[in-house]
Number of protein chains: 2
Amino acid sequence: MNKYSAFNGLNTAEKAELIEQINAKEKLYEKGRRIFTLTSESDETGILIQGLAYLVSINNYGEENILEYYSPGNIFGSYFSPDTNVNLYAITAKKDCNILVFKNTNIVSNVNSVNKYHIKFINNVITSASRKSQIHIDILSQRTIRKKLLTYLSYLSENEGTRTLTLPIPLSDLADYICVDRSAMMREIRKMNNESIITSKGKVISIL
Amino acid sequence: MNKYSAFNGLNTAEKAELIEQINAKEKLYEKGRRIFTLTSESDETGILIQGLAYLVSINNYGEENILEYYSPGNIFGSYFSPDTNVNLYAITAKKDCNILVFKNTNIVSNVNSVNKYHIKFINNVITSASRKSQIHIDILSQRTIRKKLLTYLSYLSENEGTRTLTLPIPLSDLADYICVDRSAMMREIRKMNNESIITSKGKVISIL
DNA sequence: ACGATATTGTTGCAAATGCAACAGAAATAT
DNA sequence: ATATTTCTGTTGCATTTGCAACAATATCGT
């Protein structure tokens with residue numbers, strides 16, 4: 001879902017200047033590493049350059065639950081996640097990640113409406129963070145596994161501009177993302193194949 | 001969930017000045033009315049002053065589904081909702097509403113880091129819009145009705161600062177919000193009462 | 001190239017949830 | 001003050017979904 005990129009509409013020079021202005025540093029996080037833990041004290045924001053990262057909630061038993069996944073261009077951090085003691089949140093690297101790291105407060109620091117690219121950046125931040133969540137809610141609000149899957153696939157399809165999709169995350173994590181049991185989801189995918197609603201093999205799915 | 005207010009940390013004078021700067025007009029919408037329809041052309045933003053409003057998605061059969069509810073201070077509009085043809089979105093007035101209406105683009109117009117209150121406003125907009133959604137996702141990602149309810153109640157309790165809560169929306173809409181069948185939710189509430197996890201009568205619920 | 005690890009795919013069974021339908025209470029409108 | 005609409009509360013039953021457990025592939029790391 002990559003139209004939700006923080007740098008949309010910025011050219012290379014503007015992007016570079018902006019990165020300097022918000023004082024962002026590119027860092028590498030290896031697969032499996034915890035990138036941020038989102039506590040009330042944390043003030044870090046990240047923009048994913050390359051790789052795949054998850055926002056997970058962690059319950060009292062240490063079980064993790066995928067709340068969101070981030071593709072290149074997506075922005076994440078304590079700024080966008082609830083500062084609460086109901087659940088613990090963290091960002092983890094599902095694959096090796098290149099991430100631009102900077103402080104929350106720098107998103108809206110030294111703004112001046114003359115800096116058109118900074119204004120654009122703030123707009124991107126607002127829209128990308130909230131719209132991505134709202135899509136997720138729309139998916140989760142569907143009452144059956146089939147509808148959840150089809151809603152997810154529709155959004156992905158619209159975003160990729162094709163009806164043949166390669167999932168950005170493993171099926172096992174997709175089940176987590178749409179909040180259903182993996183085996184039940186697999187069963188539903190099989191049924192949808194039988195009913196010629198989709199054709200799929202592994203992570204490659206065509207909507208018919 | 002009213003710490004997610006667009007005007008947090010602003011005093012009356014700053015608020016008034018800001019309202020002028022973003023050129024916001026207060027409007028009244030009667031109960032049941034459609035406030036905005038969120039199409040790709042719409043560019044309106046609203047801040048709820050008084051009342052109760054819902055973000056609904058509308059499917060092909062015209063059935064509406066509550067994706068979010070807004071309490072005084074909350075901000076909503078096309079800026080925060082996906083611009084997509086997968087589903088249709090609209091904001092509707094559940095009760096009579098007073099709403100500050102202004103254009104998307106004015107949120108980040110004429111910014112200057114000297115205007116501390118405007119910076120604060122933008123920060124509020126970012127955090128309130130994205131955190132409210134993320135809480136909703138956290139609720140929906142719970143796998144049972146009981147856990148969904150308890151997660152919802154925990155957030156509400158934390159926000160209200162009390163363990164005895166009056167729901168801001170009817171139980172029938174709460175079922176929609178946590179995306180479960182209403183009768184199944186009622187059954188679960190009864191069980192939780194029997195097991196002394198909560199005591200409740202109608203919209204008044206105490207967490208034990 | 002090989003072993004280790006992660007992911008996909010499948011099933012039987014139990015349990016939770018949704019659906020439909022209705023009665024009663026509460027709130028709202030006139 | 002009363003009628004109308006909305007909301008709460010309940011039940012039986014069908015269905016979906018989750019859980020547990022396992023085999024078969026695919027992918028990754030060295």
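All chains are named by letter (A, B, ...) in the order of the sequence lines, taking the proteins before the strands, and each is independently numbered beginning at 1.
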Distance, rounded to the nearest Å, where [X] contributes [atom1] and [N] contributes [atom2]:
X        : N      : atom1 : atom2 : result
A:Asp181 : C:dT11 : CG    : C1'   : 13 Å
A:Leu171 : D:dT25 : CG    : P     : 17 Å
A:Met185 : C:dT8  : CE    : P     : 8 Å
A:Met186 : D:dG18 : CE    : P     : 14 Å
B:Ile178 : C:dG18 : CD1   : C1'   : 13 Å
B:Asn194 : D:dG9  : CG    : C1'   : 13 Å
A:Lys191 : C:dG9  : NZ    : C1'   : 15 Å
A:Asp173 : D:dA26 : CG    : P     : 19 Å

Give [X] one of three labels, base, sugar-phosphate or nothing, depending on what nucleic acid heavy atoms sit under 4.0 Å from its own.
X        : value
A:Lys95  : nothing
B:Lys94  : sugar-phosphate
B:Ile145 : sugar-phosphate

So which nucleotide from [options] ends up closest to the side chain of [X]?
X        : options                : answer
B:Ser172 : D:dC7, D:dT10, D:dG9   : D:dC7
A:Ser183 : D:dA20, D:dG9, C:dG18  : D:dA20
B:Pro170 : D:dC7, D:dG29, C:dA29  : D:dC7
B:Arg190 : D:dT11, C:dA29, C:dT17 : D:dT11

Want to settle it: does A:Gly202 or B:Cys179 sit nearer the 5' end of DNA chain C, counting the closest nucleotide to each? A:Gly202
Tell me which of B:Arg143 and B:Arg182 sits closer to the 5' end of DNA chain C, going by the nucleotide each one is nearest to. B:Arg143
Hey, are A:Glu195 and A:Arg146 close enough for a salt bridge, meaning a charged N less than 4.0 Å from a carboxylate O? yes
Between A:Lys201 and A:Arg187, who's closer to the 5' end of DNA chain D by nearest nucleotide? A:Arg187
CZ of B:Phe80 to CG of B:Leu38: how many Å apart, nearest 0.5 Å? 11.0 Å
Kindly confirm or rule out a cation-pi arrangement of A:Lys15 over A:Phe7, judged by NZ or CZ under 6.0 Å from the six-membered ring centre and within 45° of its axis? yes
Within 45° of the six-membered ring axis of A:Phe76 and under 6.0 Å from that ring's centre, is NZ or CZ of A:Lys132 located there? no
Please evaluate residues B:Arg143 and A:Asp176 with respect to the criterion salt bridge (charged side-chain N to carboxylate O under 4.0 Å, His left out), reporting the C-alpha separation (whole Å), side-chain torsions for both, the decisive distance (0.1 Å), and the verdict. CA-CA 10 Å; B:Arg143 301 303 166 88; A:Asp176 244 38; 3.5 Å; yes
